[in-house]
Amino acid sequence: MNKFIQHTGIVAPLDRANVDTDMIIPKQFLKSIKRSGFGAFLFDEIRYLDEGVADQDCSNRPLNEDFILNQPRYTQSSVLLARVNFGCGSSREHAPWALEDFGFKSIIAPSFADIFYNNCFKNGLLPVVLSEEIVAQLFAECDAQAGYELKIDLERQVVVTPSGEEFAFEVEAFRKHCLLNGLDDIDLTMQSVDAIKAYEAKRKVVAPWLFGAIKGY
Amino acid sequence: MAGQTLYDKLFDAHIVRQNDDGSALLYIDLQLLHEVTSPQAFEGLRLAGRKPWRIDANLATPDHNVPTTKRDGGVAAIVDPISRIQVQTLDDNCEDFGILEFKMNDIRQGIVHVVGPEQGATLPGATVVCGDSHTATHGAFGALAHGIGTSEVEHVLATQCLITRKMKNMLIKVEGDLGLGVTAKDLVLHIIGVLGTAGGTGYAIEFGGSTLADISMEGRMTICNMAIEAGARVGMVAVDQITIDYVEGRPFAPKGVQWQQAVAAWADLHSDADAVFDTVVEINAAAIIPQVTWGTSPEMVVAVDAKVPNPANETDPVKVDGINRALVYMGLSADQLITEIKLDRVFIGSCTNSRIEDMRDAAKVAKGRTVAASIKEAIVVPGSGLVKAQAEAEGLDKIFVAAGFEWREPGCSMCLAMNPDKLEPGEHCASTSNRNFEGRQGNGGRTHLVSPAMAAAAAINGKFVDVREMMEA
């Protein structure tokens, strides 16, 4: 997994609440058996005027010019700013894959849906929760200044504005450790093989019906 | 010391290791797999040279991509080549890793959340995960069940564990009797309207109270299924005799002495009388009438006799923006009567409402009536091959077909339109599924979530009607 230590990048303001993962990456692109190549289809239904098809070349598709990621000042953005409950709905990890593949490193919102929030950390993407008031301020600043950038410093757990104002954010110690070091969860869990085996041995005694029952018939 | 909630008990019983920062390594008893969120996980295992930790803790079936029309040709006959490769990849991965799969034309195939309980793979007291947010369904059995991402699917395959942390406890206490024609679906839609789409974020929800004690397992699954639409990964109902009776005798359920042992162990799967919840929400079931969503989030729900909301009555600017956006997308006007919305298609199915009871509810309304000429298509998609067979044994398929509905093969179908069943831009659909997001049922499609009985009534009338009027007739 990619490390995340700190990142400074252009901010794209997506002024919507309850952005669901169907909107982030529509269903037809979930048919891929790969983990990459979703960036061209990020926000497909609101980004293009035609209906997208999996695996297609998007270079000549008609663009919805009103959509932020099609506006020249935001095409190079790598920090997404959004409203409450970002990433709600389907558990599809294709949503963080698409955001990451587009070039986003971090998403800032007042709140995130649980599964999406969790999935981000598995892909080197940092979701940052700031209060609704602060997010509103960032929207206003972003709107007022072309090329508006934010610095997200995971080590210090702060978001820094161009004027040097800092906003602290929370992140769980374990998730932070994994992101800072680009650690793979499975490798870490494999260090607990003995504990898993010991638990399993006890479980077999307490609930033997959960072992060996699922087999062909 | 205060008593424990059902969630506390289930979580604590599965802790392999508790870390100082609050995270825990949790043991997973069952993982359900389908074709959409598993290929990258299997690929990850392969690349790292890993094997599944426990083959017998996994069960797979293809559901999202499978066609619901005649499919005698098997996987090779799936028209969309990308869908075909995805279903074939699941078959190949299960074969390679030795995981039990009910393949496309096996009578036991169906939507994972219908198949798991139907086979007795989903059991009380177990932890159940699946790369699908509607995994909360299985909580209806007093199990701890939730959706996970593909990286976690791989993690569970490799280690039989999940790195997670404990959620907060919410009790939704429902009292009073549901009226005639008012179903579990109406109840859960109403609850989502009360909580809001993010009201359950960070919580494990237990649905309790006297109303739940009278609801069937099918109804409880419908309710738990939609916990995620209120933001909660987990929905649960305590174990009682209804649960035990449903599980007994199913293929993977315990037998003989183990059955006795299991039933004894499951007796503790309820919240203690003195358990403390972080939040309690009380709902009066008797006051609920059939529900219809009008907008593009499941929280945008009203009673069938109500009007589409007017943003002028809302003060929160984010909500006003949401209502305005939804009105435009849905092609509706503020204060329009719900019963005036003209419909184009009707979909009865999905992991929310495709079990035998749902089929019966819809058939009861459809019997002896005809789908309105203005409806382009009304499809009924049973949740599994076994549900389909049971419905046919009861003659329900004949009732549907005589009324002008299409009777289909099992799968997720138009709930998310990954297979050929989908809406055209601008079409309104009465759907028994779980999400009315923009484009969910097809690019530009407009979804209205309802119960199976309400969907059948809407098909007959070409627009929404209070199904209770048709029941009294």
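These figures come from a predicted structure and were not determined experimentally.
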Give a yes-or-no answer on whether the side chains of B:Y27 and B:Q160 include a donor-acceptor pair shorter than 3.5 Å.
no

Top contributor to chain B interface from A:S111, A:P208, A:A213 [non-hydrogen pairs under 4.5 Å]:
A:P208

Measure the spacing between OG1 of B:T89 and CZ of B:R84 and express it to the nearest 0.5 Å.
11.5 Å

Given heavy-atom pairs under 4.5 angstrom as the criterion, report whether the side chain, backbone, both or neither of B:Q119 touches chain A.
side chain

Quick one: which of B:A126, B:A121, B:G202 has the most heavy-atom pairs under 4.5 Å with chain A, could you say?
B:G202

Just so I understand: if I count every heavy-atom pair under 4.5 Å between each of B:A265, B:G322, B:G131, B:P251 and chain A, which residue has the most?
B:P251

The interface call for B:I82 against chain A, heavy-atom contacts under 4.5 Å, is both

Residue part contacting chain B, namely of A:F211, when any heavy atom lies under 4.5 Å:
both

Given heavy-atom pairs under 4.5 angstrom as the criterion, report whether the side chain, backbone, both or neither of B:D21 touches chain A.
side chain

Side chain / backbone / both / neither for B:D321 at chain A, heavy atoms under 4.5 Å
side chain

Go through the atoms of B:D80 and report whether side chain, backbone, both or neither lie under 4.5 Å from a heavy atom of chain A.
side chain

If you tally heavy-atom pairs under 4.5 Å against chain A, which of B:K319, B:M167, B:R108, B:E35 wins?
B:R108

May I ask you to name which of A:K31, A:M23, A:K122 has the most heavy-atom pairs under 4.5 Å with chain B?
A:K31

Contacting moiety of A:D185, where chain B heavy atoms sit under 4.5 Å:
both

Between A:D187 and chain B, which part of the residue has a heavy atom less than 4.5 Å away: side chain, backbone, both or neither?
both

Is there a donor-acceptor contact under 3.5 Å linking the side chains of B:N93 and B:E101?
no

Checking A:H7 against A:D153: is there a side-chain donor and acceptor pair closer than 3.5 Å?
no

For the residue pair A:F29 and A:F38, is the inter-centroid distance of their aromatic rings smaller than 6.0 Å?
no

B:W53 portion near chain A, given a 4.5 angstrom heavy-atom threshold:
side chain

Would you say the side-chain atoms of A:Q137 and A:E141 include a donor-acceptor pair closer than 3.5 Å?
yes

Part of B:K422 within contact of chain A (heavy atom distance under 4.5 Å):
side chain

Look up atom NE2 in B:H146 and atom OG1 in B:T164, then write down how far apart they are to the nearest 0.5 Å.
5.0 Å

Can you confirm whether the side chains of B:N65 and B:S83 place a donor and an acceptor under 3.5 Å from each other?
yes

Pick one of side chain, backbone, both or neither for A:K215, based on which atoms fall under 4.5 Å of a heavy atom in chain B.
backbone

B:L30 portion near chain A, given a 4.5 angstrom heavy-atom threshold
side chain

From NZ (A:K34) to NE2 (A:H94), nearest 0.5 Å:
12.0 Å

Against chain A, label B:V318 side chain, backbone, both or neither, depending on which of its atoms sit under 4.5 Å from a heavy atom there.
side chain

Ignoring hydrogens and geometry beyond distance, is a side-chain donor-acceptor pair present between B:R435 and B:S133 at under 3.5 Å?
yes

Part of B:A158 lying under 4.5 Å from any heavy atom of chain A
both

Short side-chain donor-acceptor distance under 3.5 Å, A:R203 and B:H14:
yes

Are A:R16 and A:N18 close enough that a side-chain donor and a side-chain acceptor fall under 3.5 Å?
no

Among A:T189, A:L210, A:V206, A:D15, which has the most heavy-atom pairs under 4.5 Å with chain B?
A:T189

Is it true that A:F41 and A:Y48 have ring centroids separated by less than 6.0 Å?
no

Please classify the contact of B:L416 with chain A as side chain, backbone, both or neither, using a heavy-atom distance under 4.5 Å.
both

Max heavy-atom pairs within cutoff under 4.5 Å with chain A, candidates B:Q261, B:E229, B:R165, goes to B:R165

If you count heavy-atom pairs within less than 4.5 Å of chain A, which of B:P298, B:C130, B:A262, B:G444 leads?
B:A262

Checked B:I228, B:L25, B:L59 vs chain A; the most non-hydrogen pairs under 4.5 Å come from B:L25

Out of A:E45, A:R61, A:Q28, which one pairs with A:E51 under the side chain to side chain contact (heavy atoms under 4.5 Å, CB included) rule?
A:Q28

Heavy-atom distance under 4.5 Å to chain A: side chain of B:F42, backbone, both or neither?
neither

Just verifying a value: how many Å separate B:H134 NE2 and B:C412 SG, rounded to the nearest 0.5 Å?
10.0 Å

Check each atom of B:R440 against the heavy atoms of chain A and say whether the ones under 4.5 Å are side chain, backbone, both or neither.
both

Less than 4.5 Å to any heavy atom of chain A: does that hold for the side chain of B:S23, its backbone, both, or neither?
side chain

Quick check on A:A173 against chain B: is it the side chain, the backbone, both or neither that has a heavy atom closer than 4.5 Å?
both

Can you tell me how far the CG atom of A:L14 sits from the CZ atom of A:F67, to the nearest 0.5 Å?
5.5 Å

